[in-house]
Amino acid sequence: MSDLISVIVPVYNVEQYLEKCVDSIKNQSYPHLEVLLIDDGAKDSSGQLCDTLAESDSRIQVFHKVNGGLSDARNYGMQKASGAFILFLDSDDYIHPHMIESLYEQMIKEDADVSVCNIMNVYETGESPQCEDSDLYFVMNTDEFLKEYLVGKLVPGSICNKLIRKEIAAQLQFPIGKIYEDAFYHFDLIQVAYKYVVNTKPYYYYYHRGNSITTSTFSKRDFNYIEIYTKFSRYVEEHYPDLQEEMFFRLSYAYFFIFDKLLHVEGYQKLEEYKIVRDYLKQNALKIARNQIFQKGRRLAALFLKVNVRLYRFVMLANERKTKQIH
């Protein structure tokens with residue numbers, strides 16, 4: 001008999017997406033699952049829908065709790081999980097029918113701590129894979145995994161495309177009160193997991209909602225993103241000095257990401273956060289322009305920013321209308 005896998009799905013105000021998510025789990029080619037739907041005090045009909053979906057499949061368990069946020073719901077699910085392996089899924093996304101089976105099989109084959117697939121970005125206008133080559137396969141140690149995580153192509157930053165051994169996941173918690181909780185979780189993960197297996201098939205379908213954290217305008221909590229990658233930077237400097245270029249890319253990317261959000265705010269020039277982020281990017285503009293991990297457009301944008309913020313903003317907004325990226 002194959003191992004039981006616990007699939008933890010926090011649910012909050014996702015009534016229009018939840019059924020598609022759960023159907024994609026129910027239809028997995030790997031059948032030995034327990035599906036934990038954690039109703040995190042949803043204000044719409046998501047909680048009731050969880051109960052209805054549970055009636056259709058005995059593998060589904062529903063837990064209703066007071067709202068505590070995504071991290072709290074995931075941690076709660078971990079307390080209830082009884083599988084040998086853990087998979088966290090977001091309730092507005094969905095997965096390929098062979099995702100769990102492929103993650104499990106390569107996990108067992110390589111005796112890994114963490115098993116990874118790639119991501120398909122789903123927009124209203126179409127789909128775009130995170131990695132252009134979908135047939136790559138790697139076994140990695142921690143420094144190799146960390147390098148690819150910082151670059152973000154072979155190892156995307158979401159936690160939802162990763163199957164984790166229960167004994168590893170049991171040592172970790174998602175941070176309460178933070179956003180960009182996946183980055184905080186990965187920081188802890190690399191300190192307790194030692195072997196990773198990665199394929200680049202885009203089996204996790206990440207739906208880009210217009211009102212998600214990564215597409216919303218700036219709030220002070222967004223500085224959590226810079227906070228965690230500053231923490232990563234100190235750790236890399238001490239333990240993995242050969243990854244300084246990749247670390248600089250990821251930290252600078254975090255500053256760019258927050259800066260672009262700030263530029264959507266009316267009166268952004270008056271915000272203290274704007275000045276902090278602008279100064280970092282202007283001071284490092286030449287170094288960013290020389291970093292080959294950045295796409296050419298972003299390297300040029302850094303030079304625009306050094307010359308004139310308004311020019312940068314014009315180019316950024318024009319590019320934003322043409323392309324979207326996962327964060």
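Salt-bridge check for Asp90 with Arg74: passed, with a basic side-chain N closer than 4.0 Å to an acidic carboxylate O. Salt bridge present: Lys65 and Asp40 bring a charged side-chain N and a carboxylate O closer than 4.0 Å. Ionic pairing of Lys153 and Glu132 is not present here: no N-O contact between side-chain nitrogen and carboxylate oxygen is shorter than 4.0 angstrom. The existence of a salt bridge linking Arg298 and Asp260 is confirmed by a sub-4.0 Å separation between a basic side-chain nitrogen and an acidic carboxylate oxygen.
By the 4.5 Å heavy-atom criterion applied to side chains, Tyr280 and Phe259 are not counted as neighbours. The closest side-chain heavy-atom distance from Ile25 to Leu89 is below 4.5 Å.
Of the N and O atoms on the side chains of Lys166 and Ser6, not one donor lies less than 3.5 Å from an acceptor on the other residue. Defined by atom type and a distance below 3.5 Å, a donor-acceptor pair is present between the side-chain atoms of Asp222 and Tyr180. Checking Ser115 against Gln106 by side-chain atom types alone, a donor-acceptor pair falls below 3.5 Å. No donor-acceptor contact under 3.5 angstrom links the side chains of Tyr204 and Gln130, judged on distance only. Under the 3.5 Å distance criterion, with hydrogens and angles disregarded, a donor-acceptor pair is assigned to the side chains of Glu124 and Tyr207. Inspection of the His32 and Asp3 side chains reveals no N or O donor paired with an N or O acceptor under 3.5 Å. Looking at Glu227 and Asn224, their side chains do bring a donor and an acceptor atom within 3.5 Å of each other. Defined by atom type and a distance below 3.5 Å, a donor-acceptor pair is missing between the side-chain atoms of His239 and Asp143.
For Lys26, the NZ atom sits in a packed shell: over 12 heavy atoms of surrounding residues, nucleotides or ligands are nearer than 6.0 Å.
Pairing each heavy atom of Ser252 with each of Phe294, the nearest pair is CB-CZ, 3.7 Å. The two residues Leu262 and Val277 make their nearest non-hydrogen contact at CD1-CG2, 4.1 Å.
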* To do: Might you work through the side chain to side chain donor-acceptor pair (under 3.5 Å) test for Ser29 and Glu101, ending with a clear yes or no?
  => CA-CA 6 Å; Ser29 56; Glu101 182 178 29; 2.5 Å; yes
* Evaluate ring pair (Phe, Tyr, Trp, His ring centres under 6.0 Å) for Phe187 paired with Tyr235, printing each intermediate quantity in order. => CA-CA 9 Å; Phe187 180 80; Tyr235 184 80; 5.4 Å; yes
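Without hydrogens or angle criteria, Ser102 side chain to Met99 main chain gives a donor-acceptor distance under 3.5 Å. Proximity of a side-chain donor or acceptor of Asn75 to a complementary backbone N or O of Gln173 within less than 3.5 Å is not detected. In terms of modelled atom types and a separation under 3.5 Å, the side chain of Thr230 and the main chain of Ile226 share a donor-acceptor contact.
Aromatic rings from Phe256 and Tyr253 are positioned such that their centres are separated by 6.0 Å or more.
Tested against Tyr196, the residues Phe145, Tyr137, Tyr149, Phe138 include a single ring pair (Phe, Tyr, Trp, His ring centres under 6.0 Å) partner, Phe145.
Both cation-pi conditions hold for Arg250 and Tyr229: the charged atom is under 6.0 angstrom from the six-membered ring centre and inside a 45 degree cone around its axis.
A distance of 11.5 Å separates CD in Glu181 from CG in Asp72, rounded to the nearest 0.5 Å.
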